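Data first, discussion second: the structure below is written as structure tokens.
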Amino acid sequence: MTKPASPLLREMIKLFLLFLMGGMIYFAIEIAFKGDSHVSMFIVGGMAFLLIGGINNYLDYGMPLVWQMLCSAVIITFLELVSGLVVNVWLGLGVWDYSNIPLNFMGQICPRFFLIWYFLSLAGIFLDDFFRYRMFGEKKPHYVLLRRRKISVADGVR
């Protein structure tokens with residue numbers, strides 16, 4: 001198969017494939033832990049995967065992992081809130097209800113799942129980087145655990 005000539009088309013295809021992978025992974029996680037899922041979770045998973053990957057690919061590759069994970073958990077929780085308000089509240093489909101979990105917000109999000117997404121996002125970060133490196137030939141990922149290493153002039157340009 002030949003590569004598309006247009007860089008924009010290549011980027012769109014890459015993002016579409018990453019969206020599909022993220023959607024399938026998120027859907028599979030839901031099936032594994034809840035026993036069922038909904039098509040809206042496929043969409044949320046695809047969007048979350050793209051946004052999580054975008055943190056270090058389009059914003060700041062040197063961001064420490066703990067901050068990437070925090071940003072990722074916020075992104076996923078926000079996407080679940082928006083999709084929950086649309087799917088569960090507005091459309092009344094009742095895909096999930098966290099009303100019985102302490103500190104929930106409108107039965108759509110809660111701190112327990114925020115924490116779960118925080119730790120699961122590490123796998124999402126690594127998978128996105130792996131796919132981008134192995135499948136799309138992007139630069140090899142590198143990680144900073146807690147804080148950015150200061151680069152001095154003696155270190156040279158990297």
Side-chain angles (χ1 to χ4, degrees), residues 8 11-136 138-150:
L8 177 61
E11 185 70 11
M12 289 174 59
I13 291 169
K14 175 178 65 176
L15 293 176
F16 179 70
L17 291 173
L18 289 169
F19 176 87
L20 290 178
M21 287 184 269
M24 288 186 288
I25 291 167
Y26 201 95
F27 196 82
I29 289 170
E30 289 249 316
I31 297 291
F33 286 97
K34 286 180 28 184
D36 67 344
S37 191
H38 187 265
V39 69
S40 62
M41 295 296 92
F42 181 90
I43 295 166
V44 167
M47 291 172 57
F49 200 64
L50 287 179
L51 293 171
I52 288 169
I55 292 170
N56 65 2
N57 286 289
Y58 301 110
L59 295 179
D60 183 1
Y61 209 103
M63 182 185 287
L65 273 174
V66 293
W67 287 108
Q68 285 184 52
M69 292 165 62
L70 182 63
C71 290
S72 298
V74 168
I75 288 168
I76 295 167
T77 302
F78 177 76
L79 289 172
E80 285 209 329
L81 174 62
V82 171
S83 66
L85 291 174
V86 171
V87 170
N88 296 326
V89 177
W90 185 42
L91 297 176
L93 296 178
V95 176
W96 73 88
D97 183 4
Y98 298 153
S99 296
N100 61 345
I101 298 175
L103 304 173
N104 75 82
F105 180 73
M106 298 180 68
Q108 303 309 304
I109 58 173
C110 64
R112 176 189 304 169
F113 283 95
F114 178 86
L115 224 81
I116 290 169
W117 291 126
Y118 176 81
F119 290 105
L120 274 178
S121 70
L122 183 62
I125 293 165
F126 288 159
L127 280 173
D128 174 78
D129 290 341
F130 175 78
F131 290 145
R132 287 173 181 270
Y133 175 65
R134 298 297 292 199
M135 292 175 63
F136 304 112
E138 292 187 6
K139 63 183 177 182
K140 187 174 183 176
H142 60 277
Y143 303 99
V144 179
L145 184 58
L146 295 173
R147 63 186 174 132
R148 193 182 308 239
R149 185 175 84 92
K150 292 184 181 182

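Keep in mind that this is a model prediction, so the values were computed, not measured.
Nearest heavy atoms, Leu18 versus Phe131: CD2-CB, 3.9 Å. Nearest heavy atom pair, residue Thr77 against residue Phe114, reads OG1-CD1, 3.2 Å. In terms of heavy atoms, Pro111 sits closest to Pro102 at CD-O, 3.9 Å.
Ile116 contributes atom CD1, which lies 7.5 Å from atom SG of Cys110 (distance to the nearest 0.5 angstrom). If you take CG on Asp36 and CE on Met41, they are separated by 11.0 Å, rounding to the nearest 0.5 Å. A distance of 12.0 Å separates OG in Ser121 from CG in Asp128, rounded to the nearest 0.5 Å. Atom CG of Leu120 and atom CD1 of Ile25 lie 11.0 Å apart (nearest 0.5 Å). Of the inter-residue distances, the one linking Ile76 atom CD1 with Leu81 atom CG reads 14.0 Å to the nearest 0.5 angstrom. In this structure, Leu70 CG and Leu65 CG are separated by 12.5 Å, a value rounded to the nearest 0.5 Å.
Here the two rings, on Tyr26 and Phe42, have centers that are 6.0 Å apart or farther. Ring to ring, Tyr143 and Phe126 are close: their centroids are under 6.0 angstrom apart.
Here the side chains of Trp96 and Gln108 are in contact, with some heavy-atom distance below 4.5 Å. Annotation: side chain of Ile55 is in contact with side chain of Cys71 (closest heavy-atom distance under 4.5 Å). In this structure, the side chains of Val66 and Tyr118 come closer than 4.5 Å at one or more pairs of heavy atoms. A 4.5 Å side-chain heavy-atom check between Ser72 and Ile125 finds at least one atom pair inside the cut-off. Within the 4.5 Å cutoff, side-chain heavy atoms of Leu17 are placed close to those of Phe136.
Residues satisfying the ring-ring contact (aromatic ring centres under 6.0 Å, His included) criterion with Phe19, sequence neighbours excluded, are absent altogether. Contacts of Val39 classified as side-chain contact (heavy atoms from CB on, under 4.5 Å), with partners at least two apart in sequence or in another chain: none.
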Check your understanding: Can you check side chain to side chain contact (heavy atoms under 4.5 Å, CB included) on Met63 and Val144, steps first, answer last?
Key -> CA-CA 7 Å; Met63 182 185 287; Val144 179; over 6 Å; no
Practice item. Evaluate side chain to side chain contact (heavy atoms under 4.5 Å, CB included) for Trp67 paired with Leu146, printing each intermediate quantity in order. Key: CA-CA 8 Å; Trp67 287 108; Leu146 295 173; over 6 Å; no
Practice item. Could you check Arg132 against Lys140 for side chain to side chain contact (heavy atoms under 4.5 Å, CB included), going step by step and ending with a plain yes or no? Key: CA-CA 9 Å; Arg132 287 173 181 270; Lys140 187 174 183 176; over 6 Å; no
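Contacts classified as salt bridge (charged side-chain N to carboxylate O under 4.0 Å, His left out) and involving residues 99-125 (residues at least two apart or in different chains) are not found. Within the structure, salt bridge (charged side-chain N to carboxylate O under 4.0 Å, His left out) pairs that include any residue of residues 14-30 comprise Glu11-Lys14, Lys14-Glu138, Glu30-Lys34 (at least two apart or interchain). Residue pairs meeting the salt bridge (charged side-chain N to carboxylate O under 4.0 Å, His left out) criterion with at least one partner in residues 80-104, sequence neighbours excluded, do not occur; the list is empty.
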Listing, residues 47-54 side-chain donor-acceptor contacts under 3.5 Å, not counting sequence neighbours, or none:
none

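Within 6.0 Å of the CE atom in Met24, the count of heavy atoms belonging to other residues, nucleotides or ligands exceeds 12.
A distance-only check finds no donor-acceptor pair linking the side chain of Asn104 to the backbone of Ile109 [under 3.5 Å].
The one candidate from Asn88, Val44, Ile43 that meets the side-chain contact (heavy atoms from CB on, under 4.5 Å) condition with Ser83 is Val44.
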